[in-house]
Q: 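Pasting in a structure now, in C-alpha cells, and then I'll have a few things to ask.
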Amino acid sequence: MYRQVNGPEITHADRCCLVFDTDNKKLYVEREIAHLEASIGGTVGYQTTAMDIADYLTQGGQTAGHRELWRLLRALFDERSSLPSED
C-alpha cells in the first residue's frame, strides 16, 4: 500500500501491504520496518507486525497508506458485486 524510506543512507524503511491469508481466509495489513545501523558494520534489523484493517485505519489520521487501502478495498468489493448473478 505504501513504502517510505528515511535517511541519507537509507537508515529506516517502512512498508505496508494488504495480505490475504488463504489458509485462514483473512484479509489484514502487514507492516514491515527495517533499520540499517551503518555505524555497527551495516547491521539490519527487521520487525514485521500484522493488524486488522480496522486497527490500521484508526492509526494516525488520513495518510497515503490509508487512501490506498480504501482504494484497494473498493476495487475488491466493487469487482465482486459486479459478478453476474446465477439464475
Side-chain angles (χ1 to χ4, degrees):
M1 296 180 312
Y2 81 88
R3 186 175 141 196
Q4 179 181 9
V5 178
N6 295 328
E9 296 179 8
I10 308 179
T11 56
H12 178 82
D14 187 357
R15 179 179 75 149
C16 280
C17 299
L18 184 62
V19 177
F20 180 67
D21 180 343
T22 56
D23 292 335
N24 295 316
K25 308 290 189 262
K26 184 176 179 183
L27 191 62
Y28 62 93
V29 174
E30 184 175 270
R31 182 175 184 192
E32 181 181 79
I33 300 172
H35 288 286
L36 170 64
E37 296 291 338
S39 63
I40 309 175
T43 304
V44 178
Y46 290 98
Q47 178 184 9
T48 302
T49 57
M51 65 185 87
D52 288 337
I53 292 171
D55 292 338
Y56 176 77
L57 289 172
T58 59
Q59 289 183 350
Q62 188 69 7
T63 66
H66 289 93
R67 289 188 295 276
E68 181 62 11
L69 177 56
W70 280 115
R71 187 192 70 74
L72 289 169
L73 291 173
R74 279 192 299 274
L76 285 171
F77 291 104
D78 285 347
E79 183 177 312
R80 290 188 68 103
S81 65
S82 65
L83 292 175
S85 62
E86 296 179 21
D87 293 323

Q: Under the rule for side-chain contact (heavy atoms from CB on, under 4.5 Å), what residues qualify as partners of T22, not counting sequence neighbours?
A: F20

Q: Can you find a pair of side-chain heavy atoms, one from D14 and one from R31, that are under 4.5 Å apart?
A: yes

Q: Starting from V19 and following side-chain heavy-atom contacts under 4.5 Å between hydrophobic residues (I, L, V, M, F, W, Y), which residues can be reached?
A: Y28

Q: D23: which residues meet the side chain to side chain donor-acceptor pair (under 3.5 Å) condition with it, sequence neighbours left out?
A: none

Q: Kindly write out the residues that satisfy side-chain contact (heavy atoms from CB on, under 4.5 Å) with L72, not counting sequence neighbours, or none if the list is empty.
A: M1, L18, E68

Q: With sequence neighbours excluded, tell me which residues meet salt bridge (charged side-chain N to carboxylate O under 4.0 Å, His left out) with D52.
A: K26

Q: Holding to salt bridge (charged side-chain N to carboxylate O under 4.0 Å, His left out), I want the full list of residues that pass it with E30, two or more places apart in sequence or in another chain.
A: none

Q: Do the two ring centres, one from H66 and one from Y56, sit under 6.0 Å apart?
A: yes

Q: Applying side chain to side chain donor-acceptor pair (under 3.5 Å), can you list everything that pairs with D55, at least two apart in sequence or on another chain?
A: none

Q: Find the distance between OG1 (T49) and CE (M51) and round it off to the nearest 0.5 Å.
A: 4.0 Å

Q: Under 4.5 Å between any side-chain heavy atoms of L27 and L73, yes or no?
A: yes

